[in-house]
Amino acid sequence: MGGFWAAVVPVLQMFFLSLLLLIMLPAMFGFSLGITETYMKILIKTLKWATLRIQKSSKEEETLKHSSSNGLIQRDDSSLEKEIGERRGNRRGDFALSDVFYFSKKGIESIVEDEVTQRFSSEELVSWNLLTRTNNNFHYISLRLTILWGVGVIVRYGILLPLRLMVWMSEILTGYHCYFELVHVMCYRICARGLSATIHYHNRENKPKKGGICVANHTSPIDVVILANDGGYAMVGQVHGGLMGVVQRAMVRACPHIWFERAEMKDRHLVTQRLRDHVNDKKKLPILIFPEGTCINNTSVMMFKKGSFEIGGTIYPVAIKYDPQFGDAFWNSAKYNMVSYLLRMMTSWAIVCNVWYLPPMTQKEGEDAVQFANRVKSAIAQQGGLVDLSWDGGLKRAKVKDTFKQEQQKKYSCMVVGDDSSE
(Lines give C-alpha, C1' and ligand atoms only; values in the text may rest on other atoms or scores of the structure.)
Protein backbone atom coordinates (compact mmCIF):
# COMPACT_ATOMS: atom_id res chain seq x y z
CA MET A 1 0.00 0.00 0.00
CA GLY A 2 2.89 2.32 0.85
CA GLY A 3 4.39 1.67 -2.58
CA PHE A 4 1.11 2.68 -4.26
CA TRP A 5 0.98 6.06 -2.52
CA ALA A 6 4.67 6.59 -3.15
CA ALA A 7 3.92 6.30 -6.87
CA VAL A 8 0.69 8.33 -6.82
CA VAL A 9 1.84 11.34 -4.77
CA PRO A 10 4.48 12.54 -7.31
CA VAL A 11 1.90 12.26 -10.11
CA LEU A 12 -0.58 14.37 -8.14
CA GLN A 13 2.12 16.90 -7.35
CA MET A 14 2.98 17.23 -11.04
CA PHE A 15 -0.72 17.56 -11.91
CA PHE A 16 -1.35 20.39 -9.44
CA LEU A 17 1.88 22.13 -10.44
CA SER A 18 0.82 21.98 -14.11
CA LEU A 19 -2.64 23.25 -13.13
CA LEU A 20 -1.06 26.16 -11.29
CA LEU A 21 1.39 27.10 -14.03
CA LEU A 22 -0.79 26.57 -17.10
CA ILE A 23 -4.22 27.75 -15.90
CA MET A 24 -4.37 29.50 -12.55
CA LEU A 25 -1.34 31.81 -12.69
CA PRO A 26 -2.06 33.11 -16.24
CA ALA A 27 -5.72 33.63 -15.26
CA MET A 28 -4.80 35.52 -12.10
CA PHE A 29 -2.69 38.04 -13.99
CA GLY A 30 -5.04 38.37 -16.96
CA PHE A 31 -3.01 36.81 -19.75
CA SER A 32 -3.27 33.58 -21.75
CA LEU A 33 -0.76 30.98 -22.89
CA GLY A 34 -2.92 30.27 -25.94
CA ILE A 35 -4.37 26.99 -24.63
CA THR A 36 -7.97 28.25 -24.58
CA GLU A 37 -7.58 29.88 -28.01
CA THR A 38 -6.24 26.65 -29.53
CA TYR A 39 -9.03 24.65 -27.90
CA MET A 40 -11.65 27.06 -29.28
CA LYS A 41 -10.23 26.84 -32.82
CA ILE A 42 -10.40 23.04 -32.74
CA LEU A 43 -13.91 23.18 -31.27
CA ILE A 44 -15.20 25.62 -33.92
CA LYS A 45 -13.84 23.46 -36.75
CA THR A 46 -15.36 20.33 -35.18
CA LEU A 47 -18.80 21.90 -34.74
CA LYS A 48 -18.67 23.32 -38.27
CA TRP A 49 -17.91 19.85 -39.67
CA ALA A 50 -20.75 18.37 -37.57
CA THR A 51 -23.15 21.02 -38.92
CA LEU A 52 -22.23 20.16 -42.52
CA ARG A 53 -22.78 16.45 -41.81
CA ILE A 54 -26.21 17.17 -40.33
CA GLN A 55 -27.17 19.31 -43.30
CA LYS A 56 -25.98 16.67 -45.74
CA SER A 57 -27.84 13.92 -43.88
CA SER A 58 -31.12 15.73 -43.39
CA LYS A 59 -31.16 17.63 -46.74
CA GLU A 60 -33.37 20.19 -45.02
CA GLU A 61 -31.20 23.27 -44.98
CA GLU A 62 -34.23 25.55 -44.82
CA THR A 63 -35.22 23.93 -41.55
CA LEU A 64 -31.71 24.43 -40.17
CA LYS A 65 -31.75 28.08 -41.19
CA HIS A 66 -34.95 28.63 -39.27
CA SER A 67 -34.26 30.54 -36.06
CA SER A 68 -36.29 30.00 -32.93
CA SER A 69 -36.26 33.74 -32.32
CA ASN A 70 -38.57 34.16 -35.32
CA GLY A 71 -41.15 31.99 -33.57
CA LEU A 72 -43.85 29.75 -34.93
CA ILE A 73 -46.26 32.61 -35.56
CA GLN A 74 -45.90 35.66 -37.77
CA ARG A 75 -47.23 38.29 -35.41
CA ASP A 76 -48.78 41.62 -36.31
CA ASP A 77 -47.45 44.37 -34.03
CA SER A 78 -50.41 46.65 -34.75
CA SER A 79 -52.32 48.09 -31.79
CA LEU A 80 -55.73 46.89 -30.65
CA GLU A 81 -57.39 50.06 -31.94
CA LYS A 82 -55.79 49.76 -35.40
CA GLU A 83 -56.59 46.07 -35.96
CA ILE A 84 -60.17 46.27 -34.77
CA GLY A 85 -60.63 49.56 -36.62
CA GLU A 86 -59.53 47.93 -39.90
CA ARG A 87 -62.03 45.10 -39.42
CA ARG A 88 -64.80 47.58 -38.65
CA GLY A 89 -63.94 49.81 -41.60
CA ASN A 90 -62.69 52.50 -39.15
CA ARG A 91 -66.15 52.80 -37.57
CA ARG A 92 -66.11 53.49 -33.79
CA GLY A 93 -68.78 52.91 -31.17
CA ASP A 94 -71.04 49.97 -30.32
CA PHE A 95 -70.04 46.32 -30.28
CA ALA A 96 -69.35 44.63 -33.62
CA LEU A 97 -69.35 40.87 -34.13
CA SER A 98 -66.08 41.17 -36.05
CA ASP A 99 -64.38 42.22 -32.79
CA VAL A 100 -64.61 38.61 -31.66
CA PHE A 101 -62.17 37.53 -34.38
CA TYR A 102 -59.44 39.83 -33.04
CA PHE A 103 -59.64 38.45 -29.49
CA SER A 104 -59.92 34.86 -30.75
CA LYS A 105 -56.82 35.36 -32.90
CA LYS A 106 -54.81 36.80 -30.00
CA GLY A 107 -55.97 34.02 -27.68
CA ILE A 108 -54.93 31.24 -30.09
CA GLU A 109 -51.55 32.94 -30.68
CA SER A 110 -50.92 33.03 -26.93
CA ILE A 111 -51.89 29.37 -26.49
CA VAL A 112 -49.63 28.20 -29.32
CA GLU A 113 -46.68 30.47 -28.57
CA ASP A 114 -46.91 33.36 -26.15
CA GLU A 115 -43.97 35.76 -25.96
CA VAL A 116 -43.45 35.41 -22.21
CA THR A 117 -43.20 31.76 -21.09
CA GLN A 118 -40.89 30.84 -23.98
CA ARG A 119 -38.34 33.23 -22.45
CA PHE A 120 -38.05 30.93 -19.41
CA SER A 121 -36.84 27.87 -21.33
CA SER A 122 -33.55 27.30 -23.13
CA GLU A 123 -33.30 28.88 -26.57
CA GLU A 124 -33.26 26.44 -29.45
CA LEU A 125 -30.20 26.14 -31.67
CA VAL A 126 -30.00 26.49 -35.43
CA SER A 127 -27.87 23.33 -35.53
CA TRP A 128 -26.89 20.65 -33.01
CA ASN A 129 -23.73 21.33 -30.98
CA LEU A 130 -23.08 17.67 -30.02
CA LEU A 131 -24.63 18.07 -26.55
CA THR A 132 -27.45 15.64 -25.73
CA ARG A 133 -29.25 18.36 -23.76
CA THR A 134 -29.71 20.42 -26.95
CA ASN A 135 -31.09 17.51 -28.96
CA ASN A 136 -34.05 16.22 -26.97
CA ASN A 137 -35.10 13.71 -29.60
CA PHE A 138 -31.49 12.54 -30.00
CA HIS A 139 -32.14 10.58 -33.17
CA TYR A 140 -29.48 8.77 -35.14
CA ILE A 141 -27.92 10.92 -37.88
CA SER A 142 -24.77 9.14 -39.05
CA LEU A 143 -22.14 6.73 -37.73
CA ARG A 144 -19.29 9.26 -37.86
CA LEU A 145 -21.37 11.85 -36.02
CA THR A 146 -22.33 9.29 -33.35
CA ILE A 147 -18.65 8.36 -32.84
CA LEU A 148 -17.76 12.06 -32.58
CA TRP A 149 -20.51 12.56 -30.00
CA GLY A 150 -19.14 9.62 -27.99
CA VAL A 151 -15.62 11.08 -28.06
CA GLY A 152 -17.12 14.40 -26.96
CA VAL A 153 -18.78 12.77 -23.94
CA ILE A 154 -15.42 11.27 -22.89
CA VAL A 155 -13.65 14.62 -23.32
CA ARG A 156 -16.32 16.63 -21.48
CA TYR A 157 -16.88 14.25 -18.55
CA GLY A 158 -13.48 12.56 -18.39
CA ILE A 159 -11.16 15.54 -18.94
CA LEU A 160 -12.94 18.91 -18.80
CA LEU A 161 -15.21 18.19 -15.80
CA PRO A 162 -12.47 16.96 -13.39
CA LEU A 163 -10.13 19.75 -14.51
CA ARG A 164 -12.76 22.45 -14.04
CA LEU A 165 -13.79 21.06 -10.66
CA MET A 166 -10.17 21.20 -9.51
CA VAL A 167 -9.86 24.82 -10.66
CA TRP A 168 -13.08 25.89 -8.98
CA MET A 169 -12.33 24.10 -5.72
CA SER A 170 -8.91 25.75 -5.62
CA GLU A 171 -10.52 29.11 -6.28
CA ILE A 172 -13.11 28.65 -3.50
CA LEU A 173 -10.38 27.76 -0.99
CA THR A 174 -8.35 30.78 -2.08
CA GLY A 175 -11.33 33.14 -2.26
CA TYR A 176 -12.61 32.17 1.18
CA HIS A 177 -9.46 33.63 2.73
CA CYS A 178 -8.95 36.66 0.49
CA TYR A 179 -9.33 40.14 1.91
CA PHE A 180 -8.28 42.34 -0.99
CA GLU A 181 -10.15 43.59 -4.04
CA LEU A 182 -7.33 42.62 -6.42
CA VAL A 183 -7.28 39.04 -5.14
CA HIS A 184 -11.06 38.99 -5.49
CA VAL A 185 -10.83 39.89 -9.20
CA MET A 186 -8.13 37.24 -9.64
CA CYS A 187 -10.47 34.62 -8.19
CA TYR A 188 -13.15 35.52 -10.73
CA ARG A 189 -10.61 35.26 -13.52
CA ILE A 190 -9.72 31.76 -12.35
CA CYS A 191 -13.44 30.86 -12.32
CA ALA A 192 -13.84 32.16 -15.88
CA ARG A 193 -10.76 30.29 -17.07
CA GLY A 194 -12.08 27.16 -15.33
CA LEU A 195 -15.16 27.27 -17.59
CA SER A 196 -13.07 27.79 -20.75
CA ALA A 197 -14.72 31.21 -20.96
CA THR A 198 -13.95 33.37 -23.97
CA ILE A 199 -15.21 36.88 -23.25
CA HIS A 200 -15.13 39.77 -25.72
CA TYR A 201 -15.38 43.16 -24.00
CA HIS A 202 -16.40 46.18 -26.09
CA ASN A 203 -16.16 49.93 -25.37
CA ARG A 204 -14.09 49.59 -22.21
CA GLU A 205 -13.92 53.37 -21.94
CA ASN A 206 -17.52 53.18 -20.62
CA LYS A 207 -16.68 50.76 -17.78
CA PRO A 208 -18.59 51.49 -14.53
CA LYS A 209 -16.77 53.80 -12.13
CA LYS A 210 -16.77 53.90 -8.34
CA GLY A 211 -19.88 55.44 -6.85
CA GLY A 212 -21.98 54.35 -9.83
CA ILE A 213 -24.59 51.66 -10.47
CA CYS A 214 -23.99 49.00 -13.11
CA VAL A 215 -27.19 47.43 -14.50
CA ALA A 216 -27.21 44.49 -16.90
CA ASN A 217 -29.55 41.95 -18.44
CA HIS A 218 -29.60 38.67 -16.53
CA THR A 219 -29.16 35.22 -18.09
CA SER A 220 -27.18 33.26 -15.54
CA PRO A 221 -25.40 33.38 -12.16
CA ILE A 222 -22.28 33.24 -14.34
CA ASP A 223 -23.07 36.85 -15.34
CA VAL A 224 -21.32 37.92 -12.14
CA VAL A 225 -18.18 35.98 -13.09
CA ILE A 226 -18.24 37.43 -16.62
CA LEU A 227 -18.43 41.05 -15.43
CA ALA A 228 -16.19 40.77 -12.34
CA ASN A 229 -13.54 39.17 -14.56
CA ASP A 230 -12.94 42.68 -15.94
CA GLY A 231 -13.20 44.69 -12.71
CA GLY A 232 -14.52 44.72 -9.15
CA TYR A 233 -18.17 45.18 -8.23
CA ALA A 234 -20.23 45.32 -5.06
CA MET A 235 -22.99 42.73 -5.33
CA VAL A 236 -26.54 43.16 -4.07
CA GLY A 237 -28.78 40.29 -3.10
CA GLN A 238 -30.53 38.18 -0.51
CA VAL A 239 -28.64 36.07 2.00
CA HIS A 240 -28.71 32.40 0.97
CA GLY A 241 -27.87 29.13 2.65
CA GLY A 242 -26.09 26.08 1.29
CA LEU A 243 -23.51 26.43 -1.48
CA MET A 244 -24.59 29.98 -2.35
CA GLY A 245 -24.19 30.98 1.31
CA VAL A 246 -20.60 29.70 1.35
CA VAL A 247 -19.83 31.70 -1.79
CA GLN A 248 -21.45 34.85 -0.36
CA ARG A 249 -19.46 34.65 2.87
CA ALA A 250 -16.26 34.24 0.86
CA MET A 251 -17.13 37.23 -1.34
CA VAL A 252 -17.91 39.65 1.49
CA ARG A 253 -14.43 39.11 2.99
CA ALA A 254 -12.78 40.91 0.07
CA CYS A 255 -15.34 43.56 -0.95
CA PRO A 256 -18.18 45.42 0.81
CA HIS A 257 -21.06 43.57 -0.81
CA ILE A 258 -24.63 44.36 0.24
CA TRP A 259 -26.54 41.29 1.44
CA PHE A 260 -30.06 41.53 2.90
CA GLU A 261 -31.95 39.11 5.08
CA ARG A 262 -35.26 37.89 3.67
CA ALA A 263 -37.28 40.11 6.05
CA GLU A 264 -35.19 43.18 5.14
CA MET A 265 -35.83 42.68 1.40
CA LYS A 266 -39.49 43.54 1.99
CA ASP A 267 -38.58 46.92 3.48
CA ARG A 268 -38.07 49.00 0.33
CA HIS A 269 -37.06 52.12 2.28
CA LEU A 270 -34.30 50.24 4.12
CA VAL A 271 -32.98 48.66 0.91
CA THR A 272 -33.01 51.96 -0.98
CA GLN A 273 -31.27 53.80 1.85
CA ARG A 274 -28.47 51.24 2.15
CA LEU A 275 -27.88 51.36 -1.60
CA ARG A 276 -27.95 55.16 -1.62
CA ASP A 277 -25.39 55.29 1.22
CA HIS A 278 -23.12 53.00 -0.79
CA VAL A 279 -23.44 55.09 -3.97
CA ASN A 280 -22.73 58.34 -2.08
CA ASP A 281 -19.37 56.97 -1.01
CA LYS A 282 -17.23 57.54 -4.14
CA LYS A 283 -14.47 55.29 -2.78
CA LYS A 284 -16.64 52.17 -2.89
CA LEU A 285 -16.96 49.85 -5.86
CA PRO A 286 -19.86 50.33 -8.30
CA ILE A 287 -22.96 48.35 -7.39
CA LEU A 288 -23.90 45.54 -9.76
CA ILE A 289 -27.67 45.04 -10.13
CA PHE A 290 -29.77 42.85 -12.42
CA PRO A 291 -33.08 44.78 -12.52
CA GLU A 292 -35.03 41.97 -14.20
CA GLY A 293 -34.90 40.06 -10.92
CA THR A 294 -34.74 36.66 -12.64
CA CYS A 295 -32.81 34.85 -15.37
CA ILE A 296 -34.07 35.23 -18.96
CA ASN A 297 -33.00 32.85 -21.73
CA ASN A 298 -30.52 35.02 -23.68
CA THR A 299 -33.08 36.04 -26.31
CA SER A 300 -34.73 39.07 -24.71
CA VAL A 301 -34.77 41.68 -21.96
CA MET A 302 -37.84 41.86 -19.72
CA MET A 303 -39.17 44.60 -17.44
CA PHE A 304 -36.62 46.37 -15.25
CA LYS A 305 -37.78 46.90 -11.65
CA LYS A 306 -37.86 50.62 -10.91
CA GLY A 307 -36.18 50.33 -7.48
CA SER A 308 -32.68 50.36 -8.96
CA PHE A 309 -33.45 53.66 -10.69
CA GLU A 310 -34.82 55.45 -7.62
CA ILE A 311 -31.46 55.49 -5.83
CA GLY A 312 -30.00 58.36 -7.81
CA GLY A 313 -26.51 58.66 -9.24
CA THR A 314 -25.11 57.53 -12.57
CA ILE A 315 -26.31 54.35 -14.27
CA TYR A 316 -23.80 52.33 -16.30
CA PRO A 317 -25.75 49.98 -18.63
CA VAL A 318 -24.10 46.73 -19.73
CA ALA A 319 -25.39 44.29 -22.36
CA ILE A 320 -24.41 40.60 -22.14
CA LYS A 321 -25.03 38.16 -24.98
CA TYR A 322 -23.93 34.50 -24.87
CA ASP A 323 -23.17 32.33 -27.89
CA PRO A 324 -25.42 29.24 -27.42
CA GLN A 325 -23.38 27.22 -29.95
CA PHE A 326 -20.85 26.25 -27.27
CA GLY A 327 -23.11 25.85 -24.24
CA ASP A 328 -26.42 27.02 -22.82
CA ALA A 329 -25.65 29.60 -20.11
CA PHE A 330 -29.32 30.14 -19.16
CA TRP A 331 -30.26 29.03 -15.64
CA ASN A 332 -33.77 27.62 -15.50
CA SER A 333 -34.12 27.83 -11.72
CA ALA A 334 -37.53 26.14 -11.84
CA LYS A 335 -35.91 23.03 -13.34
CA TYR A 336 -32.34 22.91 -11.99
CA ASN A 337 -30.84 23.72 -8.61
CA MET A 338 -27.50 25.50 -8.38
CA VAL A 339 -25.39 22.33 -8.17
CA SER A 340 -27.13 20.76 -11.20
CA TYR A 341 -26.73 23.99 -13.14
CA LEU A 342 -23.00 24.25 -12.39
CA LEU A 343 -22.58 20.62 -13.47
CA ARG A 344 -24.19 21.48 -16.81
CA MET A 345 -21.87 24.47 -17.17
CA MET A 346 -18.78 22.43 -16.39
CA THR A 347 -19.74 19.76 -18.93
CA SER A 348 -20.44 22.26 -21.70
CA TRP A 349 -17.88 22.85 -24.41
CA ALA A 350 -17.15 26.42 -23.35
CA ILE A 351 -18.74 29.73 -22.35
CA VAL A 352 -18.46 32.34 -25.10
CA CYS A 353 -20.05 35.76 -24.76
CA ASN A 354 -19.88 39.42 -25.72
CA VAL A 355 -20.07 42.25 -23.19
CA TRP A 356 -20.85 45.81 -24.28
CA TYR A 357 -20.26 48.74 -21.93
CA LEU A 358 -22.77 51.44 -22.89
CA PRO A 359 -22.31 55.18 -22.24
CA PRO A 360 -23.37 56.23 -18.71
CA MET A 361 -26.95 57.47 -18.34
CA THR A 362 -28.65 59.76 -15.85
CA GLN A 363 -32.29 60.50 -15.15
CA LYS A 364 -33.66 63.33 -17.28
CA GLU A 365 -35.66 66.21 -15.89
CA GLY A 366 -39.33 65.29 -15.62
CA GLU A 367 -38.56 61.59 -16.16
CA ASP A 368 -39.83 59.19 -13.49
CA ALA A 369 -38.07 55.97 -12.38
CA VAL A 370 -40.20 53.72 -14.63
CA GLN A 371 -39.50 55.80 -17.75
CA PHE A 372 -35.79 55.91 -16.91
CA ALA A 373 -35.72 52.12 -16.40
CA ASN A 374 -37.42 51.55 -19.76
CA ARG A 375 -34.96 53.85 -21.53
CA VAL A 376 -31.99 51.96 -20.09
CA LYS A 377 -33.61 48.61 -20.91
CA SER A 378 -34.20 49.62 -24.52
CA ALA A 379 -30.56 50.68 -24.91
CA ILE A 380 -29.33 47.33 -23.55
CA ALA A 381 -31.71 45.35 -25.77
CA GLN A 382 -30.71 47.26 -28.90
CA GLN A 383 -26.97 46.86 -28.26
CA GLY A 384 -27.19 43.16 -27.38
CA GLY A 385 -29.53 42.24 -30.25
CA LEU A 386 -32.20 41.17 -27.75
CA VAL A 387 -35.99 41.44 -27.91
CA ASP A 388 -37.27 44.33 -25.76
CA LEU A 389 -40.29 43.11 -23.77
CA SER A 390 -42.41 45.07 -21.29
CA TRP A 391 -43.55 41.96 -19.42
CA ASP A 392 -42.45 41.32 -15.83
CA GLY A 393 -39.96 38.47 -15.39
CA GLY A 394 -41.82 37.61 -12.19
CA LEU A 395 -44.41 35.88 -14.41
CA LYS A 396 -42.05 32.88 -14.30
CA ARG A 397 -43.60 32.05 -10.92
CA ALA A 398 -46.67 34.31 -10.67
CA LYS A 399 -49.90 34.94 -12.54
CA VAL A 400 -50.58 37.98 -14.70
CA LYS A 401 -51.66 40.95 -12.60
CA ASP A 402 -55.27 42.07 -12.90
CA THR A 403 -54.07 45.54 -13.91
CA PHE A 404 -52.76 44.14 -17.21
CA LYS A 405 -56.15 42.60 -17.98
CA GLN A 406 -57.97 45.77 -16.96
CA GLU A 407 -55.74 47.84 -19.23
CA GLN A 408 -56.79 45.80 -22.29
CA GLN A 409 -60.43 45.90 -21.19
CA LYS A 410 -60.26 49.67 -20.79
CA LYS A 411 -58.80 50.13 -24.29
CA TYR A 412 -61.62 48.13 -25.83
CA SER A 413 -64.31 49.84 -23.76
CA CYS A 414 -63.02 53.22 -24.91
CA MET A 415 -63.50 52.09 -28.52
CA VAL A 416 -67.05 50.92 -27.83
CA VAL A 417 -68.09 53.85 -25.66
CA GLY A 418 -66.27 56.32 -27.86
CA ASP A 419 -64.36 58.28 -25.18
CA ASP A 420 -61.42 57.85 -22.79
CA SER A 421 -63.37 57.80 -19.53
CA SER A 422 -62.49 55.13 -17.01
CA GLU A 423 -66.10 53.97 -16.98
Side-chain angles (χ1 to χ4, degrees), residues 23-37 40 171 175 178 180-236 251 254-257 278-279 281-292 298 301 304 308-309 311 313-323 326 329 350-362 372 375-386:
I23 298 179
M24 298 185 69
L25 279 179
M28 288 169 63
F29 295 102
F31 68 90
S32 173
L33 298 177
I35 298 174
T36 301
E37 290 77 3
M40 290 302 300
E171 186 277 332
C178 73
F180 302 102
E181 178 189 336
L182 179 60
V183 179
H184 199 56
V185 173
M186 287 180 176
C187 290
Y188 279 114
R189 288 174 178 171
I190 294 171
C191 280
R193 193 65 60 88
L195 291 173
S196 304
T198 300
I199 312 166
H200 305 287
Y201 296 100
H202 307 274
N203 308 323
R204 275 192 162 121
E205 66 275 10
N206 297 324
K207 279 180 60 175
K209 295 178 173 57
K210 291 185 176 182
I213 303 171
C214 174
V215 298
N217 57 300
H218 198 23
T219 303
S220 156
I222 304 296
D223 294 341
V224 175
V225 176
I226 298 300
L227 293 176
N229 185 70
D230 196 37
Y233 293 92
M235 312 298 172
V236 179
M251 291 168 63
C255 299
H257 300 294
H278 184 103
V279 170
D281 188 345
K282 301 304 178 183
K283 295 181 180 179
K284 290 186 176 180
L285 294 173
I287 297 175
L288 175 59
I289 299 178
F290 300 105
E292 289 168 299
N298 196 45
V301 183
F304 278 8
S308 308
F309 302 87
I311 301 168
T314 304
I315 298 292
Y316 293 88
V318 176
I320 307 173
K321 177 68 175 178
Y322 292 89
D323 188 339
F326 305 99
I351 300 297
V352 179
C353 70
N354 285 279
V355 175
W356 291 273
Y357 296 111
L358 279 67
M361 302 173 72
T362 54
F372 185 27
R375 183 161 60 91
V376 174
K377 176 170 68 77
S378 297
I380 290 175
Q382 183 177 4
Q383 180 63 76
L386 304 165

Taking every non-hydrogen atom, the tightest pair across [X] and [Y]:
| X | Y | value |
| --- | --- | --- |
| V301 | E292 | CA-OE2, 3.4 Å |
| V225 | C191 | CG1-CB, 3.9 Å |
| A234 | L285 | N-CB, 3.9 Å |
| D230 | R204 | OD1-NH2, 2.9 Å |
| V279 | G211 | CG1-O, 3.1 Å |
| I287 | H278 | CG1-CD2, 3.4 Å |

Atom [atom1] in [X], atom [atom2] in [Y]: separation rounded to 0.5 Å?
| X | Y | atom1 | atom2 | result |
| --- | --- | --- | --- | --- |
| N217 | K321 | CG | NZ | 9.0 Å |
| K209 | K207 | NZ | NZ | 9.5 Å |
| N203 | Q383 | CG | CD | 6.5 Å |
| F304 | H218 | CZ | NE2 | 11.0 Å |
| L288 | I213 | CG | CD1 | 11.0 Å |
| I289 | I311 | CD1 | CD1 | 4.5 Å |

Contact check, side chains of [X] and [Y], non-hydrogen atoms, under 4.5 Å:
| X | Y | value |
| --- | --- | --- |
| V352 | M40 | yes |
| T198 | F326 | no |
| I320 | L227 | yes |
| Y201 | N229 | yes |
| L358 | N206 | no |
| Y316 | Y357 | no |

**Request:** Examine distances only and state if a side-chain atom of D223 and a backbone atom of S220 form a donor-acceptor pair shorter than 3.5 Å.
**Result:**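 Side chain of D223 to backbone of S220: a pair is present.
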**Request:** Classify the angle between the aromatic ring planes of F309 and F372 as parallel (below 30°), tilted (30 to 60°) or perpendicular (above 60°).
**Result:** perpendicular
